[in-house]
Amino acid sequence: MRICSICGSKYEGEYCPHCADLTNQSTTTFTPVTLSHGAESENIEAHGKFSLTVVKGPQIGDYFVLDAPLTSIGRDSKADIFLNDRTVSREHAQIVVSGDTVLLKDLGSLNGTYLDGKLVDEAELVSGEILQIGTFQLQFLKR
């Protein structure tokens, strides 16, 4: 018997049937996929000064405004950007904003963090680039 870390319900099996929480599962490995620089990402608008928009993956269309100096990304329900998929580590990466500079840092994730198809430990983000975390592809935009 497990207790869901999000809604507190008791359940058995892979995920909570009440809220589909997968945070109690271990990270699953995967192979990075081709970038989505196509039509679906061309019409994305920036929200706030800096933002990430999911252009491919389970939460397509979701966007996240990067208005804090530090933004955590991961499968942990406490992450600022919660990506609920087993290919994402609990504490996968973080975004550090300092003035007009936005840095992406991998936090030792199992599957790594990719920027425009290249595995990175740390990199400065440029508007339009595609960040891949697990099965998610997020486009970084600067207004």
Side-chain angles (χ1 to χ4, degrees), residues 1-38 40-41 44-143:
M1 185 68 63
R2 295 180 178 179
I3 297 177
C4 179
S5 62
I6 293 181
C7 70
S9 299
K10 292 181 180 178
Y11 68 96
E12 292 183 23
E14 270 191 58
Y15 63 92
C16 174
H18 302 283
C19 68
D21 175 36
L22 291 172
T23 59
N24 293 324
Q25 303 300 310
S26 59
T27 303
T28 302
T29 59
F30 83 111
T31 303
V33 295
T34 306
L35 296 177
S36 296
H37 276 295
E40 72 260 63
S41 63
I44 302 296
E45 294 180 21
H47 303 277
K49 186 173 182 181
F50 305 112
S51 65
L52 287 174
T53 302
V54 180
V55 295
K56 188 171 186 178
Q59 295 167 223
I60 195 164
D62 285 2
Y63 68 90
F64 308 94
V65 176
L66 305 173
D67 56 1
L70 182 66
T71 302
S72 61
I73 304 171
R75 196 178 73 235
D76 188 319
S77 61
K78 294 177 183 129
D80 298 314
I81 298 177
F82 173 54
L83 301 177
N84 195 12
D85 187 83
R86 291 169 62 180
T87 60
V88 177
S89 294
R90 285 177 182 84
E91 295 178 357
H92 198 105
Q94 65 183 5
I95 304 278
V96 179
V97 177
S98 178
D100 280 342
T101 302
V102 180
L103 289 176
L104 166 67
K105 294 182 180 183
D106 182 82
L107 299 177
S109 64
L110 176 66
N111 286 316
T113 301
Y114 294 79
L115 189 58
D116 278 348
K118 295 178 184 171
L119 182 64
V120 297
D121 288 324
E122 184 173 313
E124 185 173 340
L125 294 175
V126 175
S127 190
E129 288 182 316
I130 301 291
L131 162 66
Q132 182 160 351
I133 294 179
T135 58
F136 294 86
Q137 289 184 9
L138 304 102
Q139 185 174 39
F140 172 73
L141 291 174
K142 176 180 177 180
R143 192 181 341 204

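In this text, all values refer to a predicted model and were calculated from it rather than measured experimentally.
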Heavy-atom pair of closest approach, residues Asp85 and Pro58: OD1-CG, 4.0 Å
Rounded at 0.5 Å granularity, tell me how far [atom1] in [X] sits from [atom2] in [Y].
X: Gln137; Y: Thr53; atom1: CD; atom2: OG1; value: 13.0 Å
X: Arg75; Y: His92; atom1: CZ; atom2: NE2; value: 10.5 Å
X: Gln132; Y: Lys118; atom1: CD; atom2: NZ; value: 15.0 Å
X: Ser77; Y: Phe82; atom1: OG; atom2: CZ; value: 6.0 Å

For residues 97-106, dump all side-chain donor-acceptor pairs below 3.5 Å to protein atoms at least two apart in sequence or in another chain.
| from | atom 1 | to | atom 2 | distance (Å) |
| --- | --- | --- | --- | --- |
| Asp100 | OD1 | Lys49 | NZ | 2.6 |
| Asp106 | OD1 | Ser109 | OG | 2.6 |
| Asp106 | OD1 | Thr113 | N | 3.4 |
| Asp106 | OD1 | Thr113 | OG1 | 2.5 |
| Asp106 | OD2 | Gly108 | N | 2.8 |
| Asp106 | OD2 | Ser109 | N | 3.1 |

Tell me whether [X] contacts the main-chain N or O of [Y] through its side chain, where contact means a donor paired with an acceptor under 3.5 Å.
X: Ser89; Y: Leu110; value: yes
X: Asp116; Y: Glu129; value: no
X: Ser127; Y: Leu141; value: no

With a 4.5 Å heavy-atom cut-off, do [X] and [Y] have their side chains touching?
X: Leu131; Y: Phe140; value: no
X: Leu125; Y: Ile95; value: yes
X: Leu66; Y: Ile81; value: yes
X: Leu138; Y: Ile130; value: no
X: Phe136; Y: Val88; value: yes
X: Ile73; Y: Leu83; value: yes

Looking at residues at least two apart in the chain, or sitting in another chain, which of them share a side chain to side chain contact (heavy atoms under 4.5 Å, CB included) with [X]?
X: Leu70; result: Gln94, Val96
X: Asp62; result: Val54, Gln59, Phe64
X: Asp80; result: Thr71, Ser72

